[in-house]
Protein chains: 2
Amino acid sequence: MRIGELAERAGTTTRTLRYYESRGLLTARRTEQGYRTYDEDDLRLLQQIRTLQDFGFELEETRPFVDCLREGHPTGDACPASIAVYRRKIAELDGLIEQLQAVRAQMGAQLLRAEAELPHGPEPRCELGTERDTGTDTEG
Amino acid sequence: MRIGELAERAGTTTRTLRYYESRGLLTARRTEQGYRTYDEDDLRLLQQIRTLQDFGFELEETRPFVDCLREGHPTGDACPASIAVYRRKIAELDGLIEQLQAVRAQMGAQLLRAEAELPHGPEPRCELGTERDTGTDTEG
DNA sequence: TCTTGCCTTGACGTCGGCGTCAAGGCTTAC
DNA sequence: GTAAGCCTTGACGCCGACGTCAAGGCAAGA
């Protein structure tokens, strides 16, 4: 298939595929006329990249998975290098989540304080019955 | 005080302060020589901005807090507009945390699966005695 | 033949929050 | 007088993952 079809099947754009190629992640055969052509393996490789991107991976971080697939493994994470990246990203995620939860807690406290100090009391944003609940729960 | 001192006291750079000024967030009086001068109120305003930035606010989102302080309120969140931003950001945070936790769970599962399918079993990354500890610390 | 629609390469634009450099002015110390 | 150290404005650079535009080639259909 050519670049337009691959892009559409993967739910992305031709620009993105050319960009991946420029980064050395997605190579293409060429027709005599210079058109890029791809096969189903390329589609799988591309889907792997997109999945990881959706997970928040930077492009460079997808490279071990791409290499793994290129080596003939059935999945991109069937290699130690990919697994190492998984581990690193999970640790990053855990740290980030922890940070965000801390910020969330601080902001929640600030909000409560600020609301309490407002001249006219806790601003009735929208009347959900009474003030029994603000709708936000602080579960861990 | 002049820009250098303010920057240092706020733990930031002169470039940043000029940038804030260009965005209309931090105004300055001028000496006859054209030097920017600031007072303690400006420092407080700047600290407010920096705190919010640390919370992950975009500059534009700090504007209501800045306006609030300029109106003479003791804190930047003593105004309805600021509180509205708090609420929005908290909702954003909650959504983001939820997303990240979902991604985290998926990646954890993927990692387990991939490890299990590795030829030589679950890769002994490094032998830390036994598996008594995963060693995650919370960086600042 | 002409239009339509795919493809090519190349190159500049975007966004946010600054970093960094250039060229120069003011003041103070030596 | 000159070097140091502050300040000024202006402008380009950076990062990541592309978007978008330009100018043109190739193929298929009316």
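Treat the numbers as computed from the prediction; the structure is a model and nothing was measured. Residue numbering restarts at 1 for every chain, and letters A, B, ... go by the order of the sequence lines.
- Applying the 4.0 Å criterion to OP1 and OP2 of D/dC7, one finds that B/Thr14 has every side-chain N and O outside that range.
- Geometric assessment of A/Lys89 against the ring of A/Phe57 yields a positive cation-pi assignment under the 6.0 Å and 45° thresholds.
- Side-chain proximity of A/Ile3 to the nucleotides D/dA17, C/dT8, C/dG17 is greatest for C/dT8.
- Close to C/dG19, at under 4.0 Å from its OP1 or OP2, lies no side-chain N or O of B/Tyr19.
- Salt bridge annotation for B/Glu92-B/Arg87: absent, with no cationic side-chain nitrogen under 4.0 angstrom from a carboxylate oxygen.
- Neither OP1 nor OP2 of D/dC6 sits under 4.0 Å from any side-chain N or O of B/Arg36.
- Taking the six-membered ring for Trp and the full ring otherwise, the centers of B/Phe55 and B/Tyr86 sit at least 6.0 Å from each other.
- Rounded to whole angstrom, the span from the CG atom of A/Leu52 across to the C1' atom of D/dA17 amounts to 15 Å.
- Side chain B/Arg15 to base C/dT20: a donor-acceptor pair is found below 3.5 Å.
- Remark: A/Thr16 is not in phosphate contact with D/dA17, judged by side-chain N or O atoms under 4.0 Å from OP1 or OP2.
- Atom CZ of A/Arg23 and atom C1' of D/dA17 are 10 Å apart (whole Å).
- Taking atom CG on A/Leu26 and atom C1' on D/dA17, their separation rounds to 15 Å, with Å as the unit.
- Between B/Thr13 and the phosphate of C/dC18, there is no side-chain N or O to OP1/OP2 separation shorter than 4.0 Å.
- Of the candidate nucleotides D/dG16, C/dG17, D/dA27, D/dA27 has the atom nearest to the side chain of A/Gln33.
- No hydrogens or angles were tested; on distance alone, a donor-acceptor pair under 3.5 Å links the side chain of A/Tyr35 to the base of D/dG25.
- Put simply, A/Gln53 has no side-chain N or O that comes within less than 4.0 Å of OP1 or OP2 on D/dG16.
- Atom CZ of B/Arg30 is separated from atom C1' of D/dT9 by 9 Å (rounded to the nearest Å).
- B/Leu46 and B/Tyr35 fall into different hydrophobic clusters, defined by Ile, Leu, Val, Met, Phe, Trp and Tyr side-chain heavy atoms under 4.5 Å apart, directly or through other members.
- Atom P of nucleotide D/dG16 and atom CZ of A/Phe57 are separated by 16 Å, given to the nearest angstrom.
- In this structure, B/Glu61 atom CD and C/dG16 atom P are separated by 10 Å, rounded to whole Å.
- Between the CD1 atom of B/Ile49 and the C1' atom of C/dC18 there is a distance of 14 Å, rounded to whole Å.
- Within 6.0 Å of CD on A/Glu8 lie no more than 12 heavy atoms contributed by other residues, nucleotides or ligands.
- When the nearest nucleotides of DNA chain C are assigned to B/Leu59 and A/Gly34 by heavy-atom distance, the more 5′-ward of the two goes with A/Gly34.
- Between B/Gln47 and B/Arg50 there is no side-chain heavy-atom pair separated by less than 4.5 Å.
- Taking atom CZ of A/Arg18 as the reference point, atom P of C/dG10 lies 12 Å away to the nearest angstrom.
- The side chain of A/Arg2 has C/dC6 as its nearest neighbour among D/dC18, C/dT9, C/dC6.
- Taking the side chain of A/Tyr20 as heavy atoms from C-beta on, and the options C/dT9, D/dC18, C/dC18, the nearest nucleotide is D/dC18.
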